[in-house]
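The block underneath contains the structure these notes are about, expressed in C-alpha cells.
Side chains are part of it too, since the values below use all heavy atoms of this structure and drop only hydrogens, waters and symmetry mates. Positions are given from 1 along the sequence.
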Amino acid sequence: YILDNFADMRFNLTNLRFNHLHYDENYKLVKLLDDRMVFKFRNFSMGLGWDYRYITNPPLFADVGRFDLEIKKKKA
C-alpha cells in the first residue's frame, strides 16, 4: 500500500458509556442453545457514547472529541 509508511496513528477511546437501553420485555432477549447463544432484538433501542482522540506521527492529523451512537430496531 502507498500509505503504509506515510504515517502512524495513535487512537484512544475513553469514557465508554451506555446512555440508555430499552427493549421489549415480551420477547426473550437471549436464547441459550447447546453450542451458541442467539440474541433477538425487537423494539430495541440503545444509546452509546465515548470520548476519543487521535494523532498521526508525523503530526499531520489530530482530533479530540465525543462520539454518540444511537441504535434502533423496530419489530419486523
Item checked: Qualifying residues under side-chain contact (heavy atoms from CB on, under 4.5 Å), relative to Arg10, sequence neighbours excluded -> Ile55
Next item on the list: Please collect all side chain to side chain donor-acceptor pair (under 3.5 Å) contacts where either partner lies in residues 29-40, sequence neighbours excluded, each pair once.
Entry: none
Item checked: N/O donor-acceptor pair under 3.5 Å between Thr56 side chain and Asp8 backbone -> no
Notebook entry, point to check: Taking atom types as modelled and ignoring hydrogens, do the side chains of Asn43 and Tyr27 form a donor-acceptor contact shorter than 3.5 angstrom?
Noted result: no
Checklist line | Which residues share a side-chain contact (heavy atoms from CB on, under 4.5 Å) with Asn12, sequence neighbours left out | finding: Thr14, Arg53
Check: For Leu33, what are the other residues in its hydrophobic cluster, where any two members join if their side-chain heavy atoms are less than 4.5 angstrom apart?
Finding: Val38
Notebook entry, point to check: Below 4.5 Å, heavy atoms only, C-beta onward: do Tyr23 and Glu25 meet side chain to side chain?
Noted result: yes
Note to self: Tell me whether Leu16 shares a hydrophobic cluster with Leu69, the cluster being built from Ile, Leu, Val, Met, Phe, Trp, Tyr side chains joined at under 4.5 Å.
What the structure shows: yes
Note to self: Other residues, nucleotides and ligands only: do more than 12 of their heavy atoms fall within 6.0 Å of CZ on Phe18?
What the structure shows: no
Check: side-chain contact (heavy atoms from CB on, under 4.5 Å) with Arg17: which residues, sequence neighbours excluded?
Finding: Asn15, Asn19, Asp51, Arg66, Asp68
Check: Looking at CZ of Arg42 and NZ of Lys28, how far apart are the two atoms once the value is rounded to the nearest 0.5 Å?
Finding: 12.0 Å
Margin query: With heavy-atom distances below 4.5 Å as the criterion, would you say the side chains of Ser45 and Lys73 are in contact?
Written below: no
Next item on the list: Go through the steps for His20 and Glu70 under the test side-chain contact (heavy atoms from CB on, under 4.5 Å), then give the verdict.
Entry: CA-CA 9 Å; His20 67 85; Glu70 182 79 21; 3.0 Å; yes
Next item on the list: Following the transitive rule for hydrophobic clusters with a side-chain heavy-atom cut-off under 4.5 Å over Ile, Leu, Val, Met, Phe, Trp and Tyr, establish whether Val64 and Phe11 coincide in one cluster.
Entry: no
Item checked: Phe67: partners by ring pair (Phe, Tyr, Trp, His ring centres under 6.0 Å), with sequence neighbours left out -> Trp50
